[in-house]
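Structure first, then comments.
All heavy atoms count here, side chains included; hydrogens, waters and symmetry mates do not.
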Amino acid sequence: MVCRVSATLAPSPVRRTPAPTAPRRRTRVLALPEARWALASTVAFLIAFPLDLAGASAWLYGPLYVVAYAAGGWEPALEGLRALREKSLDVDLLMIVAALGAAAIGQVLDGALLIVIFATSGALEALATARTADSVRGLLDLAPTTATRLSPDGTEETVPTDRLAVGDTVLVRPGERIGADGRVLEGESEADQATITGEPLPVPKAPGDEVFAGTLNGNGALRVRVERDPADSVIARIVGLVEEASRTKAPTQLFIEKVEQRYAVGVVVATLAVFGIPPAFGEDLTGALLRAMTFMIVASPCAVVLATMPPLLSAIANAGRHGVLVKSAVAMERLGEVDIAALDKTGTLTEGTPEVTAVRPLPGSGLDEDGLLALAAAAEHPSEHPLARAVVAAAGARGLRPAAAGEFVATPGRGVRATVEGSVITVGRPGEHGTSDDEVPDGDVLDGDVSGREDSGGTTVLVARDGVAVGLLTLTDRVRHDASAAVAGLTAVTGTAPVLLTGDNPRTAARVAAGTGITDVRAGLLPQDKVSAVRELQGGEGRKVLFVGDGVNDAPALAAAHSGVAMGRAGSDLALETADAVVVRDELVAIPAVVRLSRAARRLVVQNLVIAGVCIAVLVVWDLVGHLPLPLGVAGHEGSTVIVGLNGLRLLRESAWRRAVG
């Protein structure tokens with residue numbers, strides 16, 4: 001009810017219905033049992049109240065007051081008794097005792113009003129919790145319940161999406177929602193994936209492109225190979241991790257709950273003193289009891305208990321909607337404490353996959369750029385090496401169709417050799433496979449070209465035909481398009497420029513750092529060296545480090561840092577498990593945004609604690625020094641609880657994320 005914060009996002013009872021656009025799930029008020037009981041209590045009170053004022057027989061309005069007490073108070077009373085049986089004093093029980101105490105001294109109307117406001121406040125809290133769940137779990141409605149699976153012989157079968165397995169091929173017709181995360185095998189279309197990636201325009205999809213469950217296919221038919229189990233799709237991971245996070249409690253909340261028990265005992269002792277001491281100095285016993293009941297109500301820490309979790313849960317839910325999965329309330333609270341960031345390079349600041357950035361045919365080869373690239377792609381086509389895949393992809397991007405290769409041989413660390421159209425083609429480091437500068441025109445120029453390109457952070461491979469060099473290809477791990485913006489955002493939010501920690505060579509690290517605005521670069525680090533660097537940053541000046549990485553080698557640093565964030569798409573399983581948060585869509589700019597969101601949540605927690613503390617102090621002093629009417633005390637106490645709860649839910653709004661990003 002009012003004073004007990006639900007730490008689990010309750011399942012919404014709303015029936016799911018398919019929708020052509022992202023549905024907005026909203027729990028109906030009367031679908032909640034708390035709301036139904038509160039309504040029954042309120043209706044009974046509203047009927048009894050005018051009868052009582054009109055002087056009607058107590059036999060007319062008395063039973064209605066009983067209904068109001070029972071409907072609004074049975075659940076918190078039961079929970080309070082259960083807590084008492086476990087030797088724990090629930091502050092909800094204090095409210096029920098106060099209401100019954102008021103009735104015992106003839107203040108039946110005041111006690112009923114307390115129960116009604118108490119039950120209504122509890123219903124509002126339950127509704128707020130359900131709406132928090134709706135904001136994230138509504139994503140489940142995006143995913144279709146069935147998909148068309150294709151068997152190896154081409155026959156179609158309609159199956160529930162939860163029965164799809166990795167490796168299955170599904171047919172997505174025009175206008176249908178994609179049933180699973182996967183990769184396009186055949187067909188071309190566009191996908192409206194704004195609800196997953198936030199992109200405002202449909203994204204072209206062709207063979208090799210990634211698609212997400214729940215996104216809307218355009219006018220073309222697609223054959224998609226399932227690459228993630230439905231339970232591990234982007235949508236499912238968002239829902240699962242947010243629900244898991246909602247079951248945790250932040251340190252501030254744990255501290256409040258620890259203090260709550262002692263505080264509740266103190267309230268009981270103080271209430272007995274407020275009731276017992278005044279009659280000793282001649283005050284009326286009934287007045288003393290009424291003052292004591294009012295004191296018990298206004299001194300109860302309901303608003304304090306509710307101060308912490310709603311802001312943090314709202315921040316977790318909002319971040320989850322935008323592709324950042326924060327694993328716990330503890331993690332969300334810690335993210336706002338960081339004051340310096342350390343970033344991995346490969347797969348974090350960069351895409352993690354090489355691409356061809358330069359094609360240079362050598363004089364006398366008789367080849368142009370397309371001819372050289374097609375020749376290299378033909379030799380590399382059977383290879384699974386990342387550089388080979390990059391060469392083949394570059395040829396495909398230019399619309400080239402490499403010739404068939406035979407007698408393929410791959411030598412680790414050296415390159416590949418294959419027969420293409422009767423010639424032996426080798427692709428590898430200069431000087432490998434018997435190719436030397438003597439077989440290359442202007443060998444000194446070649447050496448300078450290779451050195452210059454590699455000094456700039458690229459990898460250069462030599463293409464040779466029948467032992468004679470015919471061209472050079474330069475491959476580079478591309479820096480993410482939003483890396484510079486993310487570095488600037490982290491600098492702004494922490495007040496300190498990020499540090500680059502990488503196992504790569506210093507030349508490549510320097511190139512990436514220069515392109516993203518990082519000045520502190522530490523290259524050639526082994527996993528244990530990254531841990532040492534993180535501890536040095538934290539230990540030297542007592543800083544709290546946020547480490548961002550993606551690989552197995554980053555897991556120790558993720559664990560050692562105050563907070564760790566893993567890249568979701570390319571991240572290793574170990575990194576994803578170790579990190580406190582996961583950026584599902586690998587959008588670096590979301591990292592400073594979620595730090596800002598965490599800090600906004602922490603500010604709301606402080607605001608809530610101040611609001612709750614001031615209200616309790618004012619009402620308690622008013623009751624002890626002056627005369628605080630019971631109805632006014634009830635309204636003040638429950639009103640502050642509602643204000644605190646609603647204030648915490650402000651971070652559910654889309655504008656909260658926009659402010660964090662911008």
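Although no hydrogens or angles enter the test, the distance criterion places no donor-acceptor pair under 3.5 Å between the side chain of Thr474 and the main chain of Thr357. Looking at Arg599, its side chain does come within 3.5 Å of a backbone N or O of Gly336 through a donor-acceptor pair. For the pair Lys345 (side chain) and Thr350 (backbone), a donor-acceptor distance under 3.5 Å is absent. Here the side chain of Ser598 pairs a donor or acceptor atom with the backbone of Met332 at under 3.5 angstrom. Using modelled atom types, one side-chain atom of Asp209 and one backbone atom of Ala206 make a donor-acceptor pair closer than 3.5 Å. Judged by distance alone, with hydrogens and angles left aside, the side-chain atoms of Ser189 form no donor-acceptor pair with the main-chain N or O of Lys205 at under 3.5 Å. Between the side chain of Asn318 and the backbone N or O of Arg321, no donor-acceptor pair lies under 3.5 Å.
Considering only heavy atoms from C-beta on, Val605 stays 4.5 Å or farther from Glu333 through its side chain. With contacts defined as side-chain heavy-atom distances shorter than 4.5 Å, the pair Arg602/Leu335 does not qualify. Between Asp181 and Glu210, the closest side-chain pair of non-hydrogen atoms is not below 4.5 Å. Contact of the Val487 side chain with the Leu343 side chain is registered, since non-hydrogen atoms from C-beta on lie closer than 4.5 Å. Side-chain contact check for Thr348 versus Phe547: every heavy-atom pair is 4.5 Å or farther apart. Using a 4.5 Å heavy-atom threshold, the side chains of Glu654 and His322 count as touching. Between Met567 and Leu588, the closest side-chain pair of non-hydrogen atoms falls below 4.5 Å. Between Val172 and Val211, every side-chain heavy-atom pair lies at or beyond the 4.5 Å cut-off.
Here the CG-OG1 distance, from Leu185 to Thr169, works out to 5.0 Å after rounding to the nearest 0.5 Å. Expressed to the nearest 0.5 Å, how far CG of Asn219 lies from CD of Glu188 amounts to 13.0 Å. Here the straight-line distance linking atom CG of Leu651 with atom CG of Leu604 works out to 5.0 Å at 0.5 Å rounding. Here Glu355 contributes atom CD and Leu475 contributes atom CG; the two are 8.5 Å apart, rounded to the nearest 0.5 Å. Atom CG in Asp482 sits 9.5 Å away from atom CG in Leu349 (nearest 0.5 Å). Atom CZ of Phe212 and atom CZ of Arg177 lie 14.5 Å apart (nearest 0.5 Å).
Environment of NE2 in His381: sparse, with no more than 12 heavy atoms of neighbouring residues, nucleotides or ligands closer than 6.0 Å. Counted within 6.0 Å of CD on Glu421, heavy atoms from surrounding residues, nucleotides or ligands total 12 or fewer; the atom is thus considered open.
Taking all atoms of both residues into account, the shortest heavy-atom contact from Ala486 to Pro592 is O-CG, 4.1 Å. A pairwise comparison of heavy atoms in Asp580 and Ser563 identifies OD2-CA, 3.2 Å as the closest pair. For Thr516 against Ala483, the heavy-atom pair with the smallest separation is CG2-CB, 3.6 Å. Taking all atoms of both residues into account, the shortest heavy-atom contact from Ala513 to Leu500 is CB-CD2, 4.1 Å. Annotation for Leu164 and Gly179: closest pair CD1-O, 4.3 Å, computed over non-hydrogen atoms. Residues Ala374 and Leu400 come closest through the heavy atom pair N-CD1, 4.0 Å.
Just one of Leu325, Leu558, Leu546 meets the side-chain contact (heavy atoms from CB on, under 4.5 Å) condition when paired with Val565; it is Leu546. Of the residues listed (Arg223, Arg149, Arg173), the one engaging Glu156 in a salt bridge (Lys or Arg N to Asp or Glu O under 4.0 Å) is Arg173, and it is the only one.
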Checklist entry - When you look at Leu473 and Val391, which way does the side chain to side chain contact (heavy atoms under 4.5 Å, CB included) test go after all the steps? => result CA-CA 9 Å; Leu473 303 178; Val391 172; 4.1 Å; yes
Checklist entry - Step by step, would you call Asp344 with Lys530 a salt bridge (Lys or Arg N to Asp or Glu O under 4.0 Å)? => result CA-CA 9 Å; Asp344 173 50; Lys530 289 186 178 182; 3.0 Å; yes
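A salt bridge between Arg480 and Asp586 is present, with a side-chain N of the basic residue lying under 4.0 Å from a carboxylate O of the acidic one.
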